[in-house]
Amino acid sequence: MKYLELVKIYEELEKTTKRLEKTEIISKLLKKTSKENLPIIMLLIEGRLFPNWDEREIGVASRLVIKTISIASGIDAFRVENEWKKTGDLGLVAENLIKTKKQRTLDFQELTIKKVFTNLRKLAELEGAGTVERKVQLVAELLTSAEALEAKYIVRTVLQELRVGVGEGSIRDAIGWAFFPSKFGLRYNKKENKIEVDNLEEYNKYANAVQKAFDVTNDFSVVAETAKTKGIGGLNKMKLSVGIPIKVMLALKVDNVEEGFERCGRPAEVEYKYDGFRMQIHKKNDDVEIFTRRLENVTNRFPEVVRCIKKYVKGKEFIIDSEAVGYSRKTGDYLPFQSISQRIKRKYDIERMSEEFPVEVNVFDVLYYEGKNMLNEPFKERHSLLNKIIKKQPKEIIIAKSLTTSKNKDVEKFYKEAIHEGNEGIMFKKLDAPYKPGARVGYMVKYKGQQEGVDAVITRAEWGQGKRANWLSSFTIACIDEDGNFLEIGKVGTGIKEKTEEGVSFEELTKLLNPLITSEEGKEVKLKPQIVIEVEYEEIQKSPTYDSGFALRFPRLIRLRNLDKKPKDATSMDYIKKLYEKQKK
Ligand code: ATP
């Protein structure tokens with residue numbers, strides 16, 4: 001398949017904001033894609049080169065791309081950079097500059113999706129001396145052969161910013177629409193922007209099968225391939241694989257105990273909400289692997305956890321879900337997340353770090369055990385299995401402290417104990433609920449007592465004045481809509497410290513954000529949306545100032561969330577709307 005065909009689809013997708021229309025466009029593409037090309041298309045359509053669970057990264061910064069555009073267009077790098085400062089989108093710059101290039105080189109060859117995909121994947125595999133030159137060469141080779149429009153999307157894919165607004169929901173639905181339509185008579189009515197289905201029951205059955213297959217594989221390429229070649233029977237047979245992380249189930253938030261019971265029913269289980277970080281732990285024979293909530297493999301940072309899993313958890317093959325919490329060796333007290341966060345990043349002195357900043361693993365779920373998928377088992381069964389397989393060792397591994405009850409009073413007492421012992425709050429768990437990967441469906445809910453902050457991505461900032469002249473300050477923040485667009489909701493200037501010892505400082509934020517600057521105008525800089533922060537606020541208001549239509553009043557930074565959250569994990573616009581409605585009441 002020619003890359004240009006895919007590029008035309010990107011252009012179509014970019015033109016519409018309607019989710020159903022995007023789904024229709026993708027489903028048409030999938031229908032005509034060959035079996036061989038399908039896995040590649042499933043990744044490229046999202047601007048990816050690797051599936052969700054795969055950690056490999058292209059690692060090409062804007063500077064390098066400027067160099068490749070310069071080589072391919074014959075225009076000097078200084079001018080390329082100037083153009084970039086005007087638009088903030090190197091994709092557009094590549095398009096415009098390559099358009100003006102007078103003639104194609106002799107070694108011009110038509111690009112196929114395979115060629116583009118293979119070259120770009122190679123970027124992630126390069127290591128050692130000469131890596132930078134080789135990367136420039138690989139991208140420049142593509143750009144030299146590319147037409148202007150192709151260059152736009154090659155550059156955007158390299159920078160991992162496709163900007164065509166395709167969310168996971170559209171891709172999931174498109175797989176169903178592409179491969180099963182005759183079964184349920186599905187039509188997209190473009191004029192009214194709605195779908196019409198003859199047999200809704202059948203439709204839902206297939207849609208669920210696609211979703212479940214994605215839940216266990218975390219990989220649209222294998223799901224689409226299976227849907228095309230083996231149909232619903234194949235999808236239903238898809239399995240979890242030990243060693244491939246799946247998305248973690250997320251929690252809704254409640255404001256009081258009564259609401260917790262409303263969500264999870266009576267009786268419900270309540271558990272301590274530990275203030276650490278999520279660890280999804282996989283074991284197969286002697287191999288243990290640890291993944292964060294962002295699905296990063298951090299196994300080698302936590303040798304003591306690997307040892308304790310082998311020692312205290314019974315079973316050859318399993319996947320468990322837990323929260324690792326730091327504690328003080330001196331007092332035994334739990335420490336807040338910030339104090340152990342450095343262990344996630346640390347690449348050396350690992351054993352010393354595990355001595356100085358030990359963690360206790362608090363297990364709260366089991367997703368797979370000895371060949372059996374546990375996702376669809378009710379929570380109470382999963383929990384009772386945990387009790388059978390874990391030999392509790394306080395300060396190494398325990399099962400999250402819990403209580404099953406129907407009484408508000410019991411929960412209130414339990415909540416007080418949780419807070420007294422240094423935890424963030426409590427979780428409610430619905431006893432008969434399955435485990436829904438990646439979903440915030442209310443099978444578990446959190447109760448933290450105080451108002452909850454939102455997780456927002458920094459999209460713009462301003463250079464400060466006077467003694468803050470070298471620091472970025474006044475950070476514009478955004479939430480995410482269902483198609484992955486970042487919509488701005490406010491500006492944060494408070495909660496950030498002058499000195500790094502006091503907490504998150506202007507200096508620290510500047511260091512993180514400086515490499516992400518995409519354009520500058522006067523004091524204002526535009527940023528690649530990458531850094532997630534947690535922000536609290538007084539109130540949410542409707543506002544014409546920001547493109548989301550909402551504004552946070554008096555937002556204040558609470559903490560950085562860039563280690564455990566990706567930009568796409570930012571608070572959704574739907575949730576902001578819900579918070580707004582709730583507040584009105
Ligand atoms: P928060 O900012 O409140 O920690 P979050 O956005 O990180 O929330 P949520 O899914 O909203 O994530 O809240 C649940 C998180 O709480 C889980 O991701 C997990 O890391 C943590 N946690 C701590 N204790 C438990 C527990 N007993 N059961 C489930 N999750 C727990």
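Counting starts at 1 for both ligands and their atoms, following the listed order.
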How are the rings of Phe302 and Phe277 set relative to one another: parallel (under 30°), tilted (30 to 60°) or perpendicular (over 60°)?
-> tilted
Between Glu539 and Arg553, does at least one N-O distance fall below 4.0 Å, as a salt bridge requires?
-> yes
Quick one: is the NZ or CZ of Arg48 closer than 6.0 Å to the six-membered ring centre of Phe50, and within 45° of its axis?
-> no
For Tyr415, is the NZ or CZ atom of Lys401 found under 6.0 angstrom from the centre of its six-membered ring and inside 45 degrees of the ring axis?
-> no
Check each N or O atom of ligand 1 against all protein N or O atoms and list the pairs under 3.5 Å, with atom names and distances to 0.1 Å, one per line.
from: ligand 1; atom 1: 2 (O); to: Arg561; atom 2: NH1; distance (Å): 2.8
from: ligand 1; atom 1: 3 (O); to: Lys273; atom 2: NZ; distance (Å): 3.3
from: ligand 1; atom 1: 3 (O); to: Lys446; atom 2: NZ; distance (Å): 3.1
from: ligand 1; atom 1: 3 (O); to: Lys448; atom 2: NZ; distance (Å): 2.7
from: ligand 1; atom 1: 4 (O); to: Lys273; atom 2: NZ; distance (Å): 2.9
from: ligand 1; atom 1: 6 (O); to: Lys565; atom 2: NZ; distance (Å): 2.4
from: ligand 1; atom 1: 7 (O); to: Arg293; atom 2: NH1; distance (Å): 3.0
from: ligand 1; atom 1: 7 (O); to: Arg561; atom 2: NH2; distance (Å): 2.9
from: ligand 1; atom 1: 8 (O); to: Lys446; atom 2: NZ; distance (Å): 3.0
from: ligand 1; atom 1: 10 (O); to: Ala251; atom 2: N; distance (Å): 3.0
from: ligand 1; atom 1: 11 (O); to: Arg440; atom 2: NH1; distance (Å): 2.9
from: ligand 1; atom 1: 11 (O); to: Lys446; atom 2: NZ; distance (Å): 2.4
from: ligand 1; atom 1: 12 (O); to: Arg293; atom 2: NH1; distance (Å): 2.9
from: ligand 1; atom 1: 16 (O); to: Lys273; atom 2: NZ; distance (Å): 3.1
from: ligand 1; atom 1: 18 (O); to: Arg278; atom 2: NH1; distance (Å): 2.7
from: ligand 1; atom 1: 20 (O); to: Glu323; atom 2: OE1; distance (Å): 2.4
from: ligand 1; atom 1: 24 (N); to: Tyr274; atom 2: N; distance (Å): 3.0
from: ligand 1; atom 1: 27 (N); to: Glu271; atom 2: OE1; distance (Å): 2.9
from: ligand 1; atom 1: 27 (N); to: Tyr272; atom 2: O; distance (Å): 3.0
from: ligand 1; atom 1: 28 (N); to: Lys429; atom 2: NZ; distance (Å): 2.8

So is Lys429 actually on top of Tyr443's ring, under 6.0 Å and inside 45° of the axis?
-> no
Ring pair (Phe, Tyr, Trp, His ring centres under 6.0 Å) filter on Phe554, not counting sequence neighbours, yields none
